[in-house]
S.K.: 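Mind having a look at this structure? Questions to follow.
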Amino acid sequence: MRTRLIFVRHGESVHQVMGTVGGPHGCRGLTELGRDQARALARRLASDCAADRPAAVYSSVLRRAVETAQPIADAFGVRPVADCGLCTWHTPPYADGMPTIRFQADHAAEGGGLFRPFENGNESWAELVTRVSRAIMEIAHRHRGATVILVGHTETVESAFHALAAQPLHRAFDMDVAPASITEWTTGDDAARWPPARWTLRRFGDAS
């Protein structure tokens with residue numbers, strides 16, 4: 001029984017280029033380059049998974065992830081499933097569409113850190129990791145023994161290191177997750193067992 005989780009970071013997005021908070025209303029989807037990246041990624045994954053077709057394609061509910069997931073799902077003839085658990089920060093409504101620098105500077109929360117938010121009204125890092133990790137483990141449990149593609153954000157990929165590799169919340173290293181890149185984890189254990197399955201990181205941030 002091999003469970004294979006393929007994480008994809010969305011392609012280049014408008015909010016990323018403009019430097020704004022890309023929440024449910026502020027996200028304007030992918031740039032033209034991002035759409036090209038999504039189509040190229042779909043072709044690459046179709047070749048990569050030709051002998052191991054994904055059972056499902058999931059994405060966060062944010063437009064940039066949905067637009068990245070659609071051509072990938074089309075390549076495998078499945079309907080993408082939107083899951084809010086895979087989203088990046090659940091930022092407060094007042095910040096949606098605001099310049100990110102202004103949000104971080106003008107609305108900084110004193111004493112922000114792992115268990116307190118960095119900005120007023122935002123999630124804490126611990127809350128984000130718990131939410132995303134739960135979504136990852138639910139998907140792994142639902143599709144144990146199969147291949148699944150999860151399209152999300154830098155924070156989705158980062159959370160996999162906590163959910164699957166038991167990394168502490170305060171990691172001793174940082175990650176640079178390129179747009180439209182692939183990170184892959186597999187396990188030969190039962191993904192639903194206790195104690196937890198032991199996962200292998202096959203590739204990280206692969207944007208070749």
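All values reported here derive from a predicted model rather than from experimental measurement.
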S.K.: Please determine, by modelled atom types, if Ser124 and Arg116 share a side-chain donor-acceptor pair under 3.5 angstrom.
M.R.: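 Arg116 and Ser124 do not have a side-chain donor-acceptor pair below 3.5 Å.
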
S.K.: Does some side-chain heavy atom of Met175 sit less than 4.5 Å from a side-chain heavy atom of Thr154?
M.R.: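 Not touching, per the 4.5 Å side-chain cut-off.
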
S.K.: Is any side-chain N of the basic residue among Glu67 and Arg39 closer than 4.0 Å to the acidic one's carboxylate O?
M.R.: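 The answer is no: the pair does not qualify as a salt bridge.
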
S.K.: Report yes if some heavy atom in the side chain of Val148 is under 4.5 Å from a heavy atom in the side chain of Arg4; otherwise report no.
M.R.: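 No, their side chains stay 4.5 Å or more apart.
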
S.K.: Could you check if a side-chain atom of Thr88 sits within less than 4.5 angstrom of a side-chain atom of Thr156, using non-hydrogen atoms only?
M.R.: no

S.K.: Give the ring-plane orientation class for His153 versus His10, where under 30° counts as parallel, over 60° as perpendicular and anything between as tilted.
M.R.: perpendicular

S.K.: Would a line drawn from the ring center of Trp185 to the ring center of Phe161 be shorter than 6.0 Å?
M.R.: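 Between Phe161 and Trp185, which both carry aromatic rings, the centre distance is below 6.0 Å.
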
S.K.: Answer yes or no: are there more than 12 heavy-atom neighbours, outside Arg203 itself, under 6.0 Å from its atom CZ?
M.R.: yes

S.K.: Give, for atom CZ of Phe115 and atom CH2 of Trp125, the distance between the pair rounded to the nearest 0.5 Å.
M.R.: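 Nearest 0.5 Å value for the CZ-CH2 distance: 12.5 Å.
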
S.K.: Can you find a pair of side-chain heavy atoms, one from Ile139 and one from Leu86, that are under 4.5 Å apart?
M.R.: yes

S.K.: Do Asp206 and Arg44 meet the salt-bridge criterion of a basic N to acidic O distance under 4.0 Å?
M.R.: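 A salt bridge is present here (some side-chain N lies under 4.0 Å from a carboxylate O).
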
S.K.: By the definition side-chain contact (heavy atoms from CB on, under 4.5 Å), identify the one residue from Ile6, Val57, Val78 that meets it with Ile72.
M.R.: Val57

S.K.: In plain terms, say whether Glu127 and Arg131 are close enough for a salt bridge, that is, a side-chain N and a carboxylate O under 4.0 Å apart.
M.R.: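 Not counted as a salt bridge, because no side-chain N and carboxylate O are separated by less than 4.0 Å.
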
S.K.: Do Ile182 and Leu41 touch side chain to side chain, with heavy atoms closer than 4.5 Å?
M.R.: yes

S.K.: Should Pro117 and Trp89 count as side-chain neighbours, where that means a heavy-atom distance under 4.5 Å?
M.R.: no

S.K.: Quick check: are there more than 12 heavy atoms from other residues, nucleotides or ligands sitting under 6.0 Å from NE2 of His90?
M.R.: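 Yes - once you tally the heavy atoms of other residues, nucleotides and ligands closer than 6.0 Å, there are more than 12.
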
S.K.: Can you tell me how far the CG atom of Leu164 sits from the CZ atom of Arg198, to the nearest 0.5 Å?
M.R.: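 Answer rounded to 0.5 Å: 12.5 Å.
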
S.K.: Passes side chain to side chain contact (heavy atoms under 4.5 Å, CB included), Leu5 versus Thr186? Steps please.
M.R.: CA-CA 6 Å; Leu5 301 182; Thr186 64; over 6 Å; no

S.K.: Would the His143 and Tyr58 ring centres measure less than 6.0 Å apart?
M.R.: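 Ring centroids of His143 and Tyr58 are less than 6.0 Å from each other.
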
S.K.: Could you check whether any side-chain heavy atom of Val157 comes within less than 4.5 Å of a side-chain heavy atom of Phe204, counting everything from C-beta outward?
M.R.: yes

S.K.: Using a cut-off of 6.0 Å, state whether more than 12 heavy atoms not belonging to Arg142 lie near its atom CZ.
M.R.: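 Yes, because the 6.0 Å sphere around CZ of Arg142 holds more than 12 heavy atoms from other groups.
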
S.K.: Tell me whether Arg134 at atom CZ has more than 12 heavy atoms from other residues, nucleotides or ligands lying less than 6.0 Å away.
M.R.: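 Not more than 12 within 6.0 Å, no.
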
S.K.: Taking the side chain from Thr31 and the backbone from Val14, do they hold a donor-acceptor pair closer than 3.5 Å?
M.R.: no

S.K.: Indicate yes or no: does Arg171 engage Glu158 in a salt bridge with an N to O separation below 4.0 Å.
M.R.: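 Judged by the 4.0 Å cut-off on N to carboxylate O distance, Arg171 and Glu158 do form a salt bridge.
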
